[in-house]
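To start, the structure under review is shown below, and the notes come after it.
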Amino acid sequence: MSLDEQLQALLPRVQKPARYLGNEWNAVHKDHEAAAVRAVIAFPDLYEVGMSNLGLKILYEAVNARPNMLLERVFAPAADMEVLMRSRRVPLFALESRAPVAGFDLVGFSLQYELSYTNVLNMLDLAGIPLYSGERDASRPLVAAGGPCAFNPEPLAPFIDLFLLGDGEEALPELLEQMIALRRQGAGRRETLTGLASLPGFYVPSFYRPRYTNGFFSGVERLVETVPAIITKRTVDNLDAAPYPTAPIVSHIQAIHDRAVVELFRGCARGCRFCQAGVIYRPVRRRSPETLKKLTRQMLRATGYEEVSLASLSSSDYPAVDRLIGDLAAELPGGPVKISLPSLRVDSFSVGLADQVHQGRRGSLTFAPEAGTARLRRVIGKNISEADLFEAAGAAVTAGWQAFKLYFMIGLPTETDTDVEEIAALCRKLQDHLRRAYGKKPRLSVSAAVFVPKPHTPFQWEPQLPLDQVRRRQRLLGAALKPLRGVEFNWHDAEASLLEAVFARGDRRLAPLLESAWRAGCRFDGWSEYFSFGRWSETFAALDLDPADWAYRSYQHDDPLPWDHLAGGLAKEMLVREHRRALLEETGPKEADRDHPDSL
Amino acid sequence: MKYLSHLDLMRLLQRALRRAALPLDYSHGFNPHPRLSLAAPLPVGITAAAELGDIFFSGPVTPEQFVTQLNSLLPAGFRLTGAAEAALEDPPPAALVSAALYRAVWAGCAPAPAPETLREALQRLLSRPEIQVRRRGKGGRAVQSDIRPYIHRATLLPEKEDLSLHLLLQAGSNGGVSPFVLLDQLDGLPVIEGGAAVAWRLHREGLYTGNGENHLSILSCSRGKN
């Protein structure tokens, strides 16, 4: 039975069968015979999640624009589809051609967050590709991975042939061209990896061996002389000239974000100390207003989307963003288009922007104070005062906004119970202020995530707050918010956050644990319906491993870190300095202090 | 394409219309969208030959322009077969629809039952005064209802190659039933894993207006008018 026939029998039996079709408007179907190299991007989550990912769209465009190569897509099959695929031996297939993933030359995983790692293993298994790099010979595809987690990918190292650090739109086509050249030279598996390891930004983990002393990570040694001691990330300098998806695929089913996305700039100059994105995406690189307008027009014409999102890590920081919005609103073709502007700062200017783009009823506005006290906000480098928040909220209610979403974190370094209780006090003060000064009673939604210390940030040496403490502070916050009227409280699962910290700060010793957990049935760990802490705990116990060794490990500044051989973009001395300043409760880096030419 | 839900299909058409850069008329309110409606939602998993809809424009567009332009902007598997101008005061097709004609063809996952077996199963089903089924109602809750009144006609077609049936079922604003639900009620047929959705291939041949025994194809009505 051909795959098409098999799918005819499968698709009527699964939820959202349109996830598996591959014939969306703007999907690129290329002739496999005509391509010198064929790659597939494997997104380790559902179709709806992956189709909202901008990186995937950018890579799709960058590769498919070239005539001698092709890039197709595959997403993690939903649980019901997986059951049927396994029982009927349907191998994981790429959407566009329905060719088995195992037949491609390169399979590239997009590592957006740590809890997707079991899905990576599951997809390799569904594809019939041996899990371990060492088990794959030249007849198997090369398995690569990129995205934010590539900056500490050690828990996945034995399973992946090579990692890409940094921007992919130039690096991926370069990798594919090199693969063509190496194949022409008759290079075997090892020569191919050696050749690719010499490309800037690529990390071949099998050429490095981590060392452990007394149970602690003590460094990485190179097994091959020609590879760099430290891998530096790829950075695209000129975003105006870089490939960008002007005809992105229009998803059949509603993706999480179903709209045209224009990337204003990459990187962020704010310097928040907990934020990894601010480090790994630096330096800041902007697109010009002309480019942005052109891209927006092209995208809308090619897709018919009703909404365009002006995306970046901090969109209110784009110079003259209000003028850009005004120009776009005036010039857009094809009917009314909604402009959305996520990731806004907490200030009245940003409220003005939100107001400029709103259409109709104003819903909820999101602010991210992250900490309840001015002291703790200084520690984490978030320079927002109470007055800033009140002023922004005041401007918002005046303009007609009726609800606010406030993001906080629990477990930040130096946090005390008071800091957490003050979150509730801040909400009460805000409500009082808005009632007295404006006569308004907007709804508040407080969302509390759990702090995860991330590599390559000033807090990379800090431990995560132990689980029982996190739970205690979550309860504390819940109790403190309870007396307030009109406040909704949402909190992230503490156990899932613990696992996130384990893998974010993990080393290669976690690889067998990952495999065991997957074999025990762990999948879609980022989804609360599937995440099973019990199963993970049992797996840790069975392997005699303790999550505390990674999540709760507190490092000294001169301790070797499992990710030291991967350069995030900021010299360690700068991270040390920022860490020290944080502990002294000094405010975040001011423009004058920053010695990188990043200020917008 | 048959795997898209009605809402997915609406979104797909709306975006294709926007790509076509035609002078669309947009709805008012907070989420303006092109004024397009489909006459009757097509259940997931069913192909169709003659679906109907209507669209409002804010400027002059000929039916030929509309069909040609839109067809060049629709993904494979979806095509407009024709269009005609309607008077503003005409009732929308959605208001006219009272029934839908489906052809069900045995999909061949298992050897087809003998035509007699199928005929007898149909007779047994249709002779029941009531056919109670549980379906997912609005909001996802299971709802029990009698679908017998929705079945106007069920006839075995003269066998050419494949075993096939015609089903004329109620559709439109007075309620209806999916042909899959009906087919799942037949007894005495080979049991296929996945039920009727896998056992039969369904195709909606047309939409009808009228009541009781008299049904007229809406398309032929409107062609008659022109």
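To find a chain, count down the sequence lines: A is the first, B the second, and so on, and within it residues start at 1.
Residue contact with chain A, scored on non-hydrogen atoms closer than 4.5 Å, is absent for B/L7. Looking at B/L12, the atoms closer than 4.5 Å to chain A (heavy atoms on both sides) all sit in the side chain, from C-beta outward. Of the two parts of A/N26, neither the backbone nor the side chain holds a non-hydrogen atom closer than 4.5 Å to a non-hydrogen atom of chain B. For A/A27, no part lies near chain B; criterion is any non-hydrogen pair under 4.5 Å. For A/L11, the parts lying near chain B are the backbone and the side chain together; criterion is any non-hydrogen pair under 4.5 Å.
The environment of B/R79 atom CZ is sparse: at most 12 non-hydrogen atoms of other residues, nucleotides or ligands sit within 6.0 angstrom. No more than 12 heavy atoms of other residues, nucleotides or ligands lie within 6.0 Å of CD in A/Q15, so this atom counts as exposed by the packing criterion. Counted within 6.0 Å of CZ on B/R128, heavy atoms from surrounding residues, nucleotides or ligands total more than 12; the atom is thus considered enclosed. Atom CZ of B/F57 has more than 12 neighbouring heavy atoms from other residues, nucleotides or ligands inside a 6.0 Å radius. Under a cut-off of 6.0 angstrom, the local environment of NZ in A/K30 is crowded, with over 12 non-hydrogen atoms contributed by other residues, nucleotides or ligands. In this structure, B/E193 places its CD atom where only 12 or fewer heavy-atom neighbours from other residues, nucleotides or ligands lie under 6.0 Å away.
For the set B/L17, B/L73, B/L24, B/L9, the count of heavy-atom pairs under 4.5 angstrom toward chain A peaks at B/L73.
For the atom pair A/I253 CD1 and B/L4 CG, the distance stands at 8.5 Å (nearest 0.5 Å). Here B/R18 contributes atom CZ and A/T303 contributes atom OG1; the two are 9.0 Å apart, rounded to the nearest 0.5 Å. Taking CZ from B/R201 and CD from A/Q8, the interatomic distance works out to 6.5 Å, rounded to the nearest 0.5 Å. Rounded to the nearest 0.5 Å, atoms SG (B/C109) and CD (A/E5) are 10.5 Å apart.
For the pair B/Y3 and A/A18, the tightest heavy-atom approach, listed with the atom from each and the gap, is O-CB, 4.0 Å. Closest non-hydrogen pair, B/V198 versus A/P12, comes out as CG2-CB, 4.3 Å.
The one candidate from B/R11, B/R19, B/R15 that meets the salt bridge (charged side-chain N to carboxylate O under 4.0 Å, His left out) condition with A/E306 is B/R15.
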